[in-house]
> 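Here's a structure for you.
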Amino acid sequence: MEKKWRNWLKNGWRAVALAPILLLSGCASNTFWIFDPKGIMAKTNLFYLIVDVLIMGAIVGLTALLVIWFMWRYQKGKNRGKYDPHWSHSNTIEVFVWGIPIIAVGFLSYFAVKGTFEINPYNPTVITRHMRPGGDPVEVDVIATDWQWLFVYPQYHMAVANELVLPIHTPVFFRLTSSAVTTTFFIPQLVGMIDVMPGMRTKNALMSDHIGEYQGIASDYAGAGTSWMTFKTKMVSTGDFSQWVQQVQKAPGSMSYASFNRFAQPYVDVHHHVLYFSSVEPGLFDHVMAEVMRGKTWPLPPMMTENMVGYMQKQAAEHRD
C-alpha cells in the first residue's frame with residue numbers, strides 16, 4: 001500500500017509540478033539532478049520533498065480558492081450573500097479553520113518523524129534495512145582540502161583523489177572531515193548534502209542500483225578554487241569494482257601523512273586531476289582530524305587571492321596544473 005502511495009505521489013508531482021519546468025528547459029533535463037534520483041537516499045529525500053510540497057500546496061490552494069469565493073460572494077452591491085446582524089458563530093468555519101491545519105500538521109509530523117529515521121545520515125534505516133546478513137558494506141573516508149577531495153578506502157588500504165568509484169547494490173558509509181574550511185559534500189542524484197568541517201567528523205551513506213556516472217560537488221563556497229572542487233562518482237558492477245580496486249592497488253603512488261601534507265597545500269584543480277594511491281598510512285583520517293583539532297593549518301598563499309591568474313601560471317610552471 002505504501003509503495004503504491006509513493007508511486008502515486010511521484011507520478012502526480014512530476015506530471016503537475018515539473019511539466020512547466022521541463023517545457024521551459026527543452027532537452028536539458030539533466031540539469032535538474034535532484035528530480036532524477038538514482039540512489040535510495042536521493043529517492044527517499046525527493047519523496048518527502050513531494051509530500052511537503054503537496055500538503056502545503058493543498059493548504060495554500062484551498063485558502064486561495066476560499067479567498068476568491070468570499071470576494072465573489074460578498075462583493076459590495078451584488079447582494080449574493082445574506083446579511084445576518086445576529087450571527088456570532090459557525091461550526092462549519094470552525095471545522096475549516098481548526099480541522100484542516102490539525103490534519104495537515106498531523107500528516108507533516110508523521111512524515112517528518114518517519115523521514116528523520118529513514119534518511120538520518122548517521123544511521124539511515126532506508127539503507128540499513130536492505131543490508132544482507134554477512135554482506136560487507138564499503139567504507140570511504142572523505143577528506144576535503146583547499147580545493148580537492150581525497151577518498152580513502154580503508155578496507156582496501158588505498159586512496160583516490162577527485163574521483164569516487166563505488167559498487168551498485170552495496171551500502172556505502174562515509175566518514176567526512178576537512179583540512180581547511182567548512183565545505184559541503186553533495187551528490188545530487190545519489191545522496192543529499194552534508195557539511196564537511198575542519199577538525200570534526202560527520203557521516204553520510206548511500207546505495208544505488210543504477211550503473212552510471214554522477215556529478216559530485218562542493219555546494220558551499222569555500223574560496224578561490226571552489227568552482228573546480230568537483231568529482232565524478234562512478235557506480236559500477238561489483239565485478240568492475242573489484243577490477244578497479246586491483247588497478248588502483250598497482251598504482252605507484254602512496255599516501256602517508258607526509259604525502260598528505262603536500263597534497264593538502266592549496267591547489268586550484270582546474271583540470272580535475274585523478275590520482276591513485278596504492279597504499280595509505282593506517283589511521284590517516286583520524287590523524288588529519290586530530291592535527292587540525294590541535295591547530296594545524298595549510299595557509300593560503302597571499303598571491304592566490306591577490307593575483308589568481310599569476311598563481312595559476314605558477315602552478316603550471318611547477319607542473320601542478
Side-chain angles (χ1 to χ4, degrees), residues 1-26 28-29 31-129 184 186 188-195 204 219-220:
M1 185 66 183
E2 183 178 353
K3 187 175 181 181
K4 291 177 68 176
W5 168 246
R6 286 173 180 259
N7 289 336
W8 181 86
L9 281 173
K10 287 181 182 178
N11 293 335
W13 165 259
R14 285 174 177 171
V16 176
L18 296 183
I21 296 176
L22 295 176
L23 288 173
L24 290 172
S25 62
S29 59
T31 303
F32 300 95
W33 292 324
I34 197 170
F35 298 113
D36 185 25
K38 300 298 183 182
I40 292 177
M41 290 284 278
K43 287 180 180 177
T44 307
N45 206 15
L46 179 60
F47 168 74
Y48 288 111
L49 172 64
I50 292 170
V51 169
D52 289 344
V53 171
L54 286 181
I55 293 176
M56 298 307 296
I59 295 172
V60 173
L62 181 59
T63 303
L65 289 175
L66 287 172
V67 168
I68 294 171
W69 182 77
F70 279 123
M71 291 172 64
W72 173 84
R73 182 170 177 80
Y74 298 104
Q75 185 179 2
K76 183 178 180 180
K78 298 297 182 181
N79 298 318
R80 297 190 186 102
K82 180 181 178 182
Y83 174 68
D84 183 358
H86 303 292
W87 181 90
S88 63
H89 182 78
S90 170
N91 290 330
T92 302
I93 292 177
E94 291 290 340
V95 168
F96 272 95
V97 170
W98 293 104
I100 293 177
I102 289 172
I103 293 171
V105 170
F107 268 102
L108 289 172
S109 299
Y110 168 76
F111 285 110
V113 172
K114 192 169 182 289
T116 297
F117 286 100
E118 285 195 344
I119 57 177
N120 171 21
Y122 281 65
N123 184 29
T125 60
V126 73
I127 288 180
T128 55
R129 69 174 176 231
T184 303
F186 187 25
Q189 290 183 273
L190 298 177
V191 66
M193 66 179 72
I194 191 166
D195 282 343
N204 214 343
S219 56
D220 278 359

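Quick note: residue numbers are just sequence positions, from 1.
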> Working to the nearest 0.5 angstrom, can you tell me the gap between N120 CG and M41 CE?
8.0 Å
> Over all heavy atoms of both residues, which pair between P188 and F186 is shortest? Give the atoms and the distance, please.
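Closest approach of P188 to F186, heavy atoms only: CA-CE1, 3.5 Å.
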> Within a strict 4.5 Å, meaning less than it, do heavy atoms of the N45 and I34 side chains meet?
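Not in contact.
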> Kindly compute the distance separating CG (L49) from CZ (F35), expressed to the nearest 0.5 Å.
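The CZ atom of F35 is 6.5 Å from CG of L49, to the nearest 0.5 Å.
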> What verdict does the side-chain contact (heavy atoms from CB on, under 4.5 Å) test give for L190 and K38, after you've listed the backbone C-alpha separation in whole Å, the side-chain angles of each residue and the deciding distance to 0.1 Å?
CA-CA 6 Å; L190 298 177; K38 300 298 183 182; 4.1 Å; yes
> Output the distance between atom OG (S219) and atom CG (D195), rounded to the nearest 0.5 Å.
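Here the interatomic distance stands at 8.0 Å.
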> Do T125 side-chain atoms and F117 backbone N/O form a donor-acceptor pair below 3.5 Å?
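Yes, because the side chain of T125 sits within donor-acceptor range (under 3.5 Å) of the backbone of F117.
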> Below 3.5 Å, can you tabulate the donor-acceptor pairs from side chains in residues 50-72 to any protein atom, sequence neighbours excluded?
from : atom 1 : to  : atom 2 : distance (Å)
T63  : OG1    : I59 : O      : 2.8

> Might you confirm whether atom NE2 of H86 has over 12 heavy atoms from other residues, nucleotides or ligands at distances under 6.0 Å?
no
> Taking all heavy atoms of N204 and all of G192, pick out the closest pair and write down the distance.
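Scanning both residues completely, I find the closest heavy atoms to be ND2-O, 3.3 Å.
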> Work out which heavy atom in E94 is nearest to a heavy atom in H89; give both atom names and the distance.
CG-CE1, 3.5 Å
> Give a yes or no on whether the backbone of A42 and the side-chain of Q189 come within a donor-acceptor separation of less than 3.5 Å.
no
